[in-house]
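To keep things clear, I will list the structure first and then write my remarks on it.
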Amino acid sequence: MPYYAEEKFRSEIRDRELGFAIESVEKEIATRLARDGGSASQTWNQLSPQIFQTPYDELSRIVREVDPESRIESWTDLGAAYGRLGIVLAQLRPRAHFTGIELVPERVKEGRRVYTSLGLDPETLIQADLATVAIPASELYFIYDFGIREEIERVLLALQIHARGKPLVVVGRGRGIRDAIERGHPWLASVTKPVHSEHYSIYRSA
């Protein structure tokens, strides 16, 4: 089994060990979307949760790679799904402050339930639409391909404003976010040489 498939498999097992009921929640989301006429593509509900979520092993590598000396105090996940990054940070960087923003209310509710059972602050998971919400200030942003290009551009412009006050780190995962940064945001892509991996890239502002 290729390593990435193994990581997804291990993540599925870990989700169950942590108490997530992801399969039933995703069915609940699909039922709501069918009833209300919502878009499955916007919520990634048409995909397996092990596809639209970053594996725990990969998140652990990212945390260690981007912050080897435990200096980053605030981490924000834009498109947090069930909040895996917050769980990884609680283990590897327990003093860090985590904020996860997710569009789908059912995922936030389930994430908060599991966070509570783990002794984590459930309020760090926030239900909001990244197309309209104010992006909070943070030292690091983890961004997956959460939406259409216009929405990604809006978020990157908000981050550029934050970067004027203090340098920040952006971990871009997925083709959309990385292409948007490389093509249109030299303040991230050109000032400091990015670090590219197969599934993600690490960008730092000046």
Any donor-acceptor pair under 3.5 Å linking the side chain of [X] with the backbone of [Y]?
X	Y	answer
E69	R71	no
Y115	L125	no
E110	V25	no
S74	E139	yes
D129	L103	no

Verdict with reasoning, F20 to R113, per side chain to side chain contact (heavy atoms under 4.5 Å, CB included): CA-CA 9 Å; F20 280 108; R113 183 187 68 79; 5.5 Å; no
Side chain to side chain contact (heavy atoms under 4.5 Å, CB included) evaluation trace for L140 with V170: CA-CA 6 Å; L140 182 143; V170 174; over 6 Å; no
Nearest heavy-atom neighbours spanning [X] and [Y]:
X	Y	value
S205	P167	OG-CA, 3.3 Å
A206	V191	CB-CG1, 3.6 Å
L156	A180	CD1-CB, 3.9 Å
A96	I72	CB-O, 4.0 Å
I152	G176	CD1-C, 4.3 Å
P122	R112	O-CG, 3.1 Å

So, taking the atom named [atom1] in [X] and the one named [atom2] in [Y], what distance separates them when rounded to the nearest 0.5 Å?
X	Y	atom1	atom2	answer
H199	Y144	NE2	OH	8.5 Å
T116	D121	OG1	CG	8.0 Å
L78	S138	CG	OG	8.5 Å
I87	L59	CD1	CG	10.0 Å
E17	S11	CD	OG	11.0 Å
T99	W75	OG1	CH2	13.0 Å

Report yes or no: do [X] and [Y] belong to one cluster of Ile/Leu/Val/Met/Phe/Trp/Tyr joined by side chain heavy-atom distances under 4.5 Å?
X	Y	value
V108	L89	yes
V88	V169	yes
L85	L118	yes
L92	L18	yes

Residues H162, Y141; criterion side chain to side chain contact (heavy atoms under 4.5 Å, CB included); working and verdict: CA-CA 11 Å; H162 285 313; Y141 297 90; 3.4 Å; yes
Return each pair, listed once, that meets salt bridge (Lys or Arg N to Asp or Glu O under 4.0 Å) where at least one residue sits in [range]; pairs must be two or more places apart or across chains.
range	value
residues 153-165	R149-E153
residues 75-96	D15-R84, D67-R93
residues 51-64	E7-R61, R10-D57, E58-R173
residues 194-206	none

Taking NZ, NE, NH1 and NH2 as the nitrogens, is one of them in [X] or [Y] under 4.0 Å from a carboxylate oxygen of the other?
X	Y	value
R32	E28	no
K8	E12	no
D179	R183	yes

Side chain to side chain contact (heavy atoms under 4.5 Å, CB included) evaluation trace for E26 with R107: CA-CA 8 Å; E26 291 300 311; R107 291 178 187 148; 2.9 Å; yes
[Y] and [X], any side-chain heavy atoms less than 4.5 Å apart:
X	Y	result
F142	T54	yes
I29	V104	yes
E182	P194	yes

Pair H185 + Y203: ring centers closer than 6.0 Å: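 No, ring centres 6.0 Å or more apart.
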Working for side chain to side chain donor-acceptor pair (under 3.5 Å), residues E65 and Y200: CA-CA 12 Å; E65 181 178 0; Y200 63 87; 2.8 Å; yes
Non-neighbouring partners of Q53 that pass side-chain hydrogen bond (donor to acceptor under 3.5 Å, both in side chains), sequence neighbours left out: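 Testing Q53 for side-chain hydrogen bond (donor to acceptor under 3.5 Å, both in side chains), a comparison that skips the adjacent residues, returns none.
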With sequence neighbours excluded, residues passing side chain to side chain contact (heavy atoms under 4.5 Å, CB included) with A128: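 If we apply the side chain to side chain contact (heavy atoms under 4.5 Å, CB included) test to A128, skipping adjacent residues, the hits are I101, I126, V133.
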Over 12 foreign heavy atoms within 6.0 Å of CD, Q160: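 Yes, CD of Q160 has more than 12 neighbouring heavy atoms, counting only those of other groups under 6.0 Å.
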Reference residue V171; test side-chain contact (heavy atoms from CB on, under 4.5 Å); the match among V63, I62, V195, I143: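 The option that passes is I62.
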